[in-house]
Amino acid sequence: MNAMTDDVLVELARVKAVPVIRAGSIEHAMRAALWLAEAGMTVLEMTLTTPGVFEGIAELRRMPGLIVGAGTVLSRQDARLAIAAGSQFVVTPCWVEGVIEQALMAKIPALIGTANPSEIWHAHTAGAAAVKVFPAACVGGAAYVKQVRAVFPGVRMMPTGGVTVETAPDYLAAGAFCIGLGSELVSAKALVANDKASVVAKARQLLERLSPSQTMAV
Ligand code: 3PG
């Protein structure tokens with residue numbers, strides 16, 4: 001690992017929660033990002049399904065103290081564009097050829113989507129800085145993370161998909177180094193209704209639930 005990758009991983013392990021922003025428009029995505037930053041979230045994952053997301057990532061990078069990554073990276077070219085826009089980490093939902101190489105060249109972490117032990121080991125040995133255990137709630141939740149961590153203690157895991165404020169601490173207790181939360185924090189309904197208060201309240205509730213004692217060393 002290099003210094004830049006290390007810094008991002010240390011921050012992910014410190015904050016423990018990565019909000020995954022998936023919105024129908026860049027206006028909504030940016031709105032969500034600013035609300036979450038205001039609530040105290042210092043790491044954001046902007047998913048590439050949002051049209052205009054690269055400009056959004058570049059704009060967020062101008063905000064001091066924020067770590068901005070790209071999610072739903074589905075090709076080598078996606079990774080290139082996300083990195084050119086300033087992404088400080090890249091996340092895939094599954095194995096995607098070329099993403100790890102792009103991340104290694106840019107000296108940023110690649111978090112690779114995995115749903116079973118073979119995929120976890122493949123991603124890890126290929127150079128993934130961490131694996132995104134996805135969709136975490138469907139493949140067995142915190143109990144699944146605990147079991148795979150026992151076999152792969154050296155693999156950083158970021159369970160994502162169906163994680164809630166309620167279940168977040170269970171994943172950390174099971175050995176996850178951080179967790180990703182999407183719709184739980186930023187629902188499509190809240191965005192459409194411009195309901196900042198509910199998004200900020202949910203994010204603060206999450207931050208309160210994540211106690212420092214559950215941090216895993218990177
Ligand atoms: C995603 O890619 O959207 C994430 O996995 C988030 O999933 P969630 O909305 O179930 O948290």
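As the structure lists them, so they are numbered: ligands from 1, and atoms in each ligand from 1.
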Quiz prompt | Residues lining ligand 1 [heavy-atom distance under 4.0 Å, listed by chain and residue number] | solution = V20, R22, K132, F134, T160, G161, G162, L181, G182, S183
Quiz item: Can you check salt bridge (Lys or Arg N to Asp or Glu O under 4.0 Å) on K196 and E38, steps first, answer last?
Solution: CA-CA 10 Å; K196 175 180 173 181; E38 194 180 315; 2.9 Å; yes
For residues 89-98, please give each side-chain donor-acceptor pair under 3.5 Å, one per line with the distance, not counting sequence neighbours.
unit_1: T92; atom_1: OG1; unit_2: C94; atom_2: O; d: 2.6
unit_1: T92; atom_1: OG1; unit_2: G113; atom_2: N; d: 3.0
unit_1: W95; atom_1: NE1; unit_2: E97; atom_2: OE1; d: 3.1

Self-check item: Donor-acceptor side-chain pairing of R22 and T72 below 3.5 angstrom
Solution: yes
Practice problem: Using the ring-ring contact (aromatic ring centres under 6.0 Å, His included) rule, collect all pairs that involve residues 132-155, keeping only residues at least two apart or in two chains. | Solution: W121-F152
Quiz item: With respect to V73, which candidate in I112, L48, L81 satisfies the side chain to side chain contact (heavy atoms under 4.5 Å, CB included) definition?
Solution: L48
Self-check item: Under the salt bridge (Lys or Arg N to Asp or Glu O under 4.0 Å) test, residues paired with E119 that sit two or more places apart
Solution: none
